[in-house]
Amino acid sequence: MAHPGRIAAGALAGTVVLLPEALGLDRTAPWPILDAFRRRLALGAAGLAALAAARPGPRRDLGIGVGLVAAAALVVSTVRHRPRTGGGPDGEPLAVLGSNVWIGQADPGALGALIRRERPDVVVLLEAGDHFRRALTPEIDDLGYRGWSAAPGRAEVEARGAGDHAATTVLAAPGLGDVTVRAVTRDTASGWIELAGGALGDTRVLAVHPAVLRPSRTPEWRRELDRLAALVADDPRPTVVVGDLNATCEHRALQRVLRRVRSAAAETGRAREATWPAGRPRRLGVAIDHVLVSAAVGVGSFEVLDVAGSDHRAVLARLRRPRGGAVPRG
């Protein structure tokens with residue numbers, strides 16, 4: 001006969017690991033790190049629970065409790081990765097490429113070849129400052145891209161002398177025309193940039209890189225994701241967010257952002273394709289590099305691409321921004 005107390009104990013243990021937000025634990029370390037691997041942990045817990053439930057005795061009751069929570073965690077994971085389509089099919093094409101270049105260690109030749117092949121309208125480079133931008137320029141100089149960098153603590157773009165570690169660089173294709181570029185934060189761990197105007201029309205592109213998710217930096221990580229949620233909520237313009245967000249769709253902190261925008265990866269069925277670490281098979285990593293779009297922006301395709309020398313894979317999204325307010329594209 002099942003023992004309710006032991007079932008409850010198993011359910012509580014499973015909740016602590018698999019659904020920490022139900023207990024308010026996901027705001028503190030180390031639970032956000034566990035959240036990133038929720039689905040794999042839930043599948044493993046479900047397997048162990050099934051083995052335990054097949055044997056009589058106390059372990060059976062504990063297994064039932066853990067198994068119930070594992071099933072609930074898998075449902076939560078599925079819901080958080082579900083697509084939410086939007087945008088019109090007749091919008092203007094907009095291709096964006098995002099790549100964390102690992103403190104400038106990515107191979108400029110390999111990245112340049114990728115840009116040359118895909119010809120994105122906007123390129124967002126994380127952990128890339130003046131040094132990496134100068135190394136990349138000869139590889140794509142004939143394509144006419146213009147570049148700007150931003151570093152934390154500085155109000156301006158074109159942050160001369162900015163190191164690769166905390167800087168963000170944005171490149172704009174010549175067809176975008178007379179775009180405007182500005183730093184949107186001064187107190188984040190990395191520089192954040194807004195690209196707008198020109199052939200982007202009313203659409204803006206945000207290049208962002210919230211703080212890394214480590215136990216000691218969990219409050220900073222959560223604060224910066226909340227900052228991103230406010231940025232997308234406080235401006236009615238069509239928005240595209242590109243960057244290494246150091247968060248997966250499993251994280252409630254990122255879900256607050258996703259209440260206002262949608263994941264291009266989810267809409268193309270590639271939400272679980274890992275972008276980090278690049279040195280391991282994609283099925284073993286996590287998807288922390290994202291392209292997010294507001295409701296007015298359509299999603300055509302999304303790809304995860306390898307870049308030699310970096311510990312991150314790049315992400316490429318082909319989008320459709322709403323028509324209106326654009327200048328002719330060259």
Side-chain angles (χ1 to χ4, degrees), residues 86-101 108 110-126 128 132-133 136-137 139-150 157-158 168-182 184 192-209 232 235 237-244 261-265 267-268 289-305 307 313-330:
D90 60 344
E92 296 286 346
L94 176 67
V96 296
L97 174 70
S99 180
N100 183 321
V101 301
L111 183 58
L114 175 60
I115 294 171
R116 185 174 296 277
R117 183 180 76 239
E118 302 294 346
R119 301 295 176 95
D121 299 291
V122 178
V123 180
V124 173
L125 303 175
L126 298 316
F132 188 80
R133 193 172 70 181
L136 178 63
T137 295
E139 306 295 335
I140 58 172
D141 195 43
D142 61 309
L143 301 181
Y145 282 89
R146 292 159 295 157
W148 303 267
S149 298
V157 291
E158 299 286 4
T168 296
T169 291
V170 168
L171 308 178
L176 289 185
D178 189 17
V179 294
T180 61
V181 186
R182 69 183 183 97
V184 291
W192 293 16
I193 299 175
E194 178 191 89
L195 186 71
L200 288 170
D202 296 329
T203 302
R204 61 173 179 158
V205 178
L206 297 177
V208 301
H209 189 193
V232 298
D235 195 314
R237 289 177 293 173
T239 298
V240 177
V241 178
V242 186
D244 170 9
V261 291
R262 302 150 23 240
S263 165
E267 293 196 20
T268 56
D289 299 86
H290 298 270
V291 176
L292 310 178
V293 299
S294 57
V297 180
V299 178
S301 64
F302 180 87
E303 296 179 74
V304 176
L305 304 167
V307 176
R313 297 181 179 93
V315 293
L316 173 69
R318 298 197 180 274
L319 311 172
R320 298 179 302 273
R321 66 167 185 81
R323 297 181 187 275
V327 301
R329 297 183 64 174

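In this text, all values refer to a predicted model and were calculated from it rather than measured experimentally.
Between W148 and A172, the shortest heavy-atom contact is CZ3-CB, 3.6 Å. A150 and V157 make their closest contact through CB-CG1, 4.4 Å (heavy atoms, listed as atom of the first residue, atom of the second, distance). Listed here is the closest heavy atom pair of R116 and L143: NH1-CD2, 3.7 Å. When all heavy atoms of A317 and A264 are compared, the pair lying nearest together is CB-CB, 4.4 Å. Considering every non-hydrogen atom in both A128 and T169, the closest pair reads O-OG1, 2.7 Å.
Applying the side-chain contact (heavy atoms from CB on, under 4.5 Å) rule to A296 yields the partners P238, P322; only residues at least two apart in sequence or on another chain are considered. Under the rule for a side-chain contact (heavy atoms from CB on, under 4.5 Å), the partners of A110 that lie at least two apart in sequence or sit in another chain are D107, A308. In this structure, the side-chain contact (heavy atoms from CB on, under 4.5 Å) partners of T239, at least two apart in sequence or on a different chain, are R204, L206, V232, V241, S294.
With a 4.5 Å cut-off on side-chain heavy atoms, D289 and R313 do not count as touching. With a 4.5 Å cut-off on side-chain heavy atoms, V293 and L319 count as touching. Proximity of Y145 to L136: side-chain heavy atoms (C-beta onward) are nowhere separated by under 4.5 Å. In this structure, the side chains of R262 and V299 come closer than 4.5 Å at one or more pairs of heavy atoms.
How far CZ of R318 is from CG of L97: 9.5 Å, rounded to the nearest 0.5 Å. For the atom pair N100 CG and H209 NE2, the distance stands at 5.0 Å (nearest 0.5 Å). L94 contributes atom CG, which lies 7.0 Å from atom CG of L176 (distance to the nearest 0.5 angstrom). Atoms CG and CZ, on L200 and R321 in that order, are 6.5 Å from each other to the nearest 0.5 Å. To the nearest 0.5 Å, atoms CG (L125) and CG (D244) are separated by 12.5 Å. Going from atom CG of L305 over to atom CG of L114 covers 5.5 Å, rounded to the nearest 0.5 Å.
A donor-acceptor pair is defined here as one N or O able to donate and one able to accept, closer than 3.5 Å; no such pair exists between the side chain of R320 and the backbone of G87. Checked by atom type and distance alone, the side chain of R133 never pairs as donor or acceptor with a backbone atom of L171 at under 3.5 Å. The closest donor-acceptor contact from the side chain of T268 to the backbone of S301 lies at 3.5 Å or more, if one exists at all. Under a 3.5 Å cut-off, the side chain of R119 and the backbone N or O of A95 do not form any donor-acceptor pair. Formation of a donor-acceptor pair under 3.5 Å by the S99 side chain with backbone atoms of V101 is not found in this model.
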Next on the checklist: Please determine whether side-chain contact (heavy atoms from CB on, under 4.5 Å) holds for the pair V181 and R146, giving the CA-CA distance in whole Å, both sets of side-chain angles, and the decisive distance to 0.1 Å.
Outcome noted: CA-CA 11 Å; V181 186; R146 292 159 295 157; over 6 Å; no

Pair L126-T168, side-chain contact (heavy atoms from CB on, under 4.5 Å): steps then yes or no: CA-CA 5 Å; L126 298 316; T168 296; 3.8 Å; yes

